[in-house]
Protein chains: 2
Amino acid sequence: MSDSGTAVRNTRQRSAVSALLAEVEGFHSAQDLHAMLRDRGERVGLTTVYRTLQGLADAGEIDVMRPPGGEHLYRRCSEGHHHHLVCRACGRTVEVAGPTVETWADKVAAQHGFTNVSHTLEIFGTCPTCTP
Amino acid sequence: MSDSGTAVRNTRQRSAVSALLAEVEGFHSAQDLHAMLRDRGERVGLTTVYRTLQGLADAGEIDVMRPPGGEHLYRRCSEGHHHHLVCRACGRTVEVAGPTVETWADKVAAQHGFTNVSHTLEIFGTCPTCTP
DNA sequence: GCGACAATGACAATGATTGTCAAAAACGCA
DNA sequence: TGCGTTTTTGACAATCATTGTCATTGTCGC
């Protein structure tokens with residue numbers, strides 16, 4: 001389940017998506033990224049964008065967020081595990097690291113005998129700029 | 001935005017959904033709940049189930065979880081704020097309270113000047129029963 | 001009891017995501 | 001380097017939960 005025969009091939013489309021993610025900031029939906037690629041002149045199918053993003057997410061190279069609004073948002077993010085603080089009004093995103101939370105989550109899970117633990121955490125609020 | 005003229009009326013359908021949620025255990029999707037209501041002989045439209053669940057969620061009477069699989073899951077849960085530890089294999093759910101996390105989230109948000117803060121946290125793992 | 005007004009519900013619409021499958025491209029190997 | 005195998009691509013259809021619509025119905029204040 002880790003690196004059996006599945007040889008991942010290096011294609012122009014995959015590179016294009018990776019390159020784009022390396023340049024843009026903030027979260028973007030798959031459709032959003034697809035549109036940007038087309039603006040750049042890169043011809044990549046929407047289906048391929050979805051699949052590439054899924055692959056990158058599986059590989060841990062990008063982060064997926066599911067805001068309570070609808071679409072999945074993808075973002076290339078810094079190494080290691082961290083979480084996001086998102087402004088409800090303007091969408092501004094701050095990356096926050098939370099060793100406290102990591103420890104707590106692992107501890108709680110262990111207390112209940114859970115193994116192979118992962119977790120997701122998003123914090124939503126109104127940022128200073130958007131506060132009246 | 002809190003309790004202006006919007007008078008919430010007490011209807012048979014709303015009671016039915018509430019009553020059902022009070023009896024069933026674990027998380028259920030809207031469609032799931034709708035099917036259960038029909039089995040019970042309660043005639044409630046799917047649209048109404050969705051709207052009622054939304055209302056209850058807004059009022060904080062039920063909890064919404066968005067598992068990485070698709071549908072929203074609703075559950076009547078204990079008072080106060082808490083989170084969930086979910087088994088990837090069997091779906092068993094454990095309610096966990098995390099004062100540590102609440103504090104941490106609020107603190108981090110405050111540090112960045114965010115107000116009106118809320119957060120979502122789910123922990124996924126494999127429960128003891130499902131561990132080989 | 002009556003009237004205003006929110007709630008209901010059948011149905012259509014939306015819209016993101018996934019499935020399909022033939023054609024094209026990439027990589028391993030000789 | 002050339003060839004064959006195998007993955008990948010991409011246009012389109014399909015899926016499916018959720019939301020919008022709007023005429024009708026039921027509630028609640030008075």
Side-chain angles (χ1 to χ4, degrees), chain A residues 1-21 27-59 61-75 91, chain B residues 1-21 27-59 61-75 91:
Chain A
M1 196 172 285
S2 30
D3 61 305
S4 329
T6 329
V8 178
R9 295 186 180 179
N10 206 11
T11 64
R12 176 181 55 80
Q13 291 87 346
R14 197 176 298 254
S15 304
V17 174
S18 267
L20 178 59
L21 282 168
F27 282 92
H28 296 277
S29 69
Q31 319 246 355
D32 204 357
L33 292 166
H34 176 239
M36 287 191 228
L37 283 171
R38 205 171 29 181
D39 283 352
R40 286 178 152 216
E42 301 278 2
R43 306 181 121 263
V44 184
L46 179 57
T47 311
T48 303
V49 173
Y50 271 104
R51 269 190 299 230
T52 304
L53 289 173
Q54 254 173 33
L56 289 172
D58 278 352
E61 293 185 34
I62 60 175
D63 222 27
V64 189
M65 189 175 62
R66 324 170 101 260
E71 321 105 305
H72 297 187
L73 299 181
Y74 302 88
R75 183 193 194 189
Chain B
M1 196 172 285
S2 30
D3 63 304
S4 328
T6 328
V8 178
R9 297 188 176 176
N10 204 11
T11 64
R12 176 180 55 81
Q13 291 86 345
R14 196 176 299 256
S15 305
V17 173
S18 268
L20 178 59
L21 281 168
F27 281 93
H28 295 277
S29 68
Q31 319 246 356
D32 204 358
L33 292 166
H34 176 240
M36 287 191 229
L37 284 171
R38 206 172 30 180
D39 284 352
R40 285 178 153 218
E42 300 278 2
R43 305 181 123 264
V44 183
L46 180 57
T47 310
T48 304
V49 173
Y50 271 103
R51 268 190 300 231
T52 305
L53 288 172
Q54 252 173 34
L56 290 172
D58 278 353
E61 294 186 35
I62 61 174
D63 222 28
V64 189
M65 188 176 63
R66 323 171 100 258
E71 320 105 306
H72 297 187
L73 298 181
Y74 301 89
R75 183 194 194 188

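- Considering only the side chain of B:Arg14, C:dA7 comes nearest among C:dA7, C:dT17, D:dT18.
- Computed from coordinates, the B:Arg12 CZ to D:dG26 C1' distance equals 10 Å when rounded to whole Å.
- The distance between atom CG of A:Leu46 and atom C1' of C:dT20, rounded to the nearest whole Å, is 15 Å.
- If you take CD of B:Glu42 and C1' of C:dA7, they are 16 Å apart, rounded to a whole angstrom.
- Under the 4.5 Å side-chain criterion, counting only non-hydrogen atoms from C-beta, A:Leu21 is in contact with A:Leu53.
- Where B:Asn10 and B:Gln54 meet DNA chain D, the nucleotide closest to each residue was compared, and B:Gln54 sits on the side nearer the 5' end.
- Checked options B:His72, B:Gln31, B:His34; the residue passing with B:Tyr50 is B:Gln31 (criterion: side chain to side chain contact (heavy atoms under 4.5 Å, CB included)).
- Between A:Val44 and B:Tyr50, it is A:Val44 whose nearest contact on DNA chain D lies nearer the 5' terminus.
- Within the 4.0 Å cut-off from OP1 or OP2 of C:dA7, not a single side-chain nitrogen or oxygen of B:Gln13 is found.
- Contact annotation for A:Arg51: base contact, defined as any heavy-atom pair under 4.0 Å involving a base atom.
- As rounded to whole Å, 4 Å separates atom P of D:dA17 from atom CD of B:Gln31.
- Considering all non-hydrogen atoms of both residues, A:Ser29 and A:Leu73 come closest at N-CD2, 3.6 Å.
- Remark: the A:Thr47 side chain and the D:dA11 base include a donor-acceptor N/O pair separated by less than 3.5 Å.
- Rounded to whole angstrom, the span from the CG atom of B:Leu37 across to the P atom of C:dG9 amounts to 10 Å.
- The distance from atom CG of B:Leu73 to atom C1' of D:dC16 is 15 Å, rounded to the nearest whole Å.
- Listed pair A:His72 / C:dA16 fails the phosphate criterion, with no side-chain N or O lying under 4.0 Å from OP1 or OP2.
- If you check every strand for non-hydrogen atoms under 4.0 Å, B:Thr11 touches sugar and phosphate atoms only.
- The OH-P distance, from B:Tyr74 to D:dA17, rounds to 12 Å in whole Å.
- With D:dT8, C:dT8, D:dT27 as the candidates, the nucleotide lying closest to the side chain of B:Thr48 is C:dT8.
- Partners of A:Arg40 under the salt bridge (Lys or Arg N to Asp or Glu O under 4.0 Å) rule, at least two apart in sequence or in another chain, are A:Glu23.
- Considering only heavy atoms from C-beta on, B:Arg14 stays 4.5 Å or farther from B:Arg9 through its side chain.
- With rounding to whole Å, A:Leu33 atom CG is found 14 Å from C:dA16 atom C1'.
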